[in-house]
Amino acid sequence: MTEGQQYWLVKSEPEAFSIDDLARSTRQKTSWDGVRNYQARNFLRAMRMGDQVLFYHSNANPPSIVGIAEVVKAAYPDATQFDKHATHYDPGSDPGRPRWDMVDIRFVRKFTAPLSLNLLREQAVLKRMELLRKGSRLSVQPIRALEWKEIIRLVEHIAGRYAV
DNA sequence: GCCAACGTTGGC
DNA sequence: GCCAACGTTGGC
């Protein structure tokens, strides 16, 4: 584990962009654009190359953490904010001082079995996760090192059930 | 499809 | 600065 490495979670609706879409992308990379919430943007700006990112499927059955990506490029201006035809066009953003940023992430792995929201709720160690807070909508959020460790433990535990 | 929770907008 | 109205998110 690299010193200073941080952990994050990003949400995506699989119908819009799934972990399989990421795995199929050119060089298995994508720009995480379209974030239009200041708190989420600030977390994007705090991301560093090599940070590990949990990939969460919202509006899915069941909603689950489905895999891992990693940050391969730190925050830089999100081009879609200046594109009149883009869904997330922001006429209020000044090109001289862009309001919204994006990062590039690369596929790392897809879990053998997704970790459902229900399963996550059962873990005492994960009680403080932003994701599990009622009404939480933050699409980019930090994950504590302990939580990361617990999630990896769960993934390995579940994978072990299918091991030969 | 419902609706609670939340963020943003804009009138005052 | 207040706050009602509105739009969005996202679990269920």
Side-chain angles (χ1 to χ4, degrees), chain A residues 6-25 30-47 51-71 74-105 107-144 146-148 150-155 157-158:
Chain A
Q6 295 185 90
Y7 306 100
W8 307 94
L9 178 147
V10 297
K11 296 180 184 175
S12 184
E13 299 193 15
E15 288 198 4
F17 191 84
S18 70
I19 188 140
D20 291 327
D21 291 328
L22 178 61
R24 280 193 299 262
S25 299
T30 197
S31 296
W32 206 254
D33 61 16
V35 171
R36 295 294 183 267
N37 168 284
Y38 289 105
Q39 200 181 352
R41 181 207 63 185
N42 292 343
F43 286 134
L44 283 181
R45 288 181 174 173
M47 289 183 179
D51 281 2
Q52 301 294 112
V53 181
L54 296 170
F55 200 105
Y56 177 80
H57 281 174
S58 58
N59 271 315
N61 283 300
S64 314
I65 297 174
V66 293
I68 297 173
E70 80 177 309
V71 177
Y76 60 108
D78 177 348
T80 66
Q81 70 195 303
F82 303 120
D83 178 357
K84 284 187 176 61
H85 304 292
T87 313
H88 297 101
Y89 173 58
D90 181 358
S93 183
D94 171 9
R97 206 162 180 274
R99 184 178 284 172
W100 306 111
D101 281 1
M102 60 187 177
V103 298
D104 289 354
I105 62 170
F107 176 80
V108 172
R109 66 183 283 206
K110 180 182 174 180
F111 298 153
T112 322
L115 301 180
S116 72
L117 203 51
N118 281 342
L119 179 78
L120 298 172
R121 288 192 198 286
E122 290 169 8
Q123 315 305 320
V125 181
L126 304 181
K127 280 285 190 299
R128 296 167 64 210
M129 276 182 74
E130 172 67 22
L131 183 72
L132 305 183
R133 276 190 48 238
K134 189 180 177 185
S136 167
R137 302 187 311 179
L138 196 57
S139 66
V140 180
Q141 36 183 286
I143 297 293
R144 296 173 186 84
L146 265 179
E147 294 165 350
W148 175 269
E150 172 69 359
I151 284 162
I152 299 305
R153 189 191 68 77
L154 282 169
V155 169
H157 177 74
I158 290 171

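Numbers restart at 1 for each chain; the letters A, B, ... are given by sequence-line order, proteins then strands.
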Expressed as a whole number of angstroms, how long is the span from [X]:[atom1] to [N]:[atom2]?
X	N	atom1	atom2	answer
I65(A)	dG11(C)	CD1	P	12 Å
E15(A)	dG10(C)	CD	C1'	13 Å
K11(A)	dA5(B)	NZ	C1'	11 Å
L138(A)	dT8(B)	CG	C1'	16 Å
R137(A)	dC6(B)	CZ	P	8 Å
R41(A)	dT8(B)	CZ	C1'	15 Å
Y38(A)	dT9(B)	OH	C1'	12 Å
D90(A)	dT9(B)	CG	C1'	13 Å

ask   = Under a 4.0 Å N-O cut-off, is there an ion pair linking R45(A) with D101(A)?
value =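 Between D101(A) and R45(A) there is a salt bridge, with a charged N closer than 4.0 Å to a carboxylate O.
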Looking only at side chains, do [X] and [Y] share a donor and an acceptor under 3.5 Å apart?
X	Y	answer
W32(A)	D104(A)	no
T80(A)	D83(A)	no
Y76(A)	S31(A)	yes

query = Given that N37(A) and N59(A) both sit by DNA chain B, which one's nearest nucleotide is further toward the 5' end?
reply =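 Closer to the 5' end of DNA chain B: N59(A).
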query = So, is K134(A) close to the dA5(B) phosphate, meaning a side-chain N or O under 4.0 Å from OP1 or OP2?
reply =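 Affirmative; the distance criterion is met.
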ask   = For Y56(A) and dT9(C), is the shortest distance between a side-chain N/O and OP1 or OP2 below 4.0 Å?
value =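 So the side chain of Y56(A) is outside the cut-off, no N or O lying under 4.0 Å from OP1 or OP2 of dT9(C).
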request  = Looking only at side-chain atoms of R133(A), point me to the closest of dG7(B), dG11(C), dC6(B).
outcome  =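 Looking only at heavy atoms from C-beta outward on R133(A), the closest nucleotide is dC6(B).
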task = For the side chain of L117(A), starting at C-beta, report the closest nucleotide among dG10(C), dG7(B), dG11(C).
result =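 Out of dG10(C), dG7(B), dG11(C), the nucleotide with an atom closest to L117(A)'s side chain is dG11(C).
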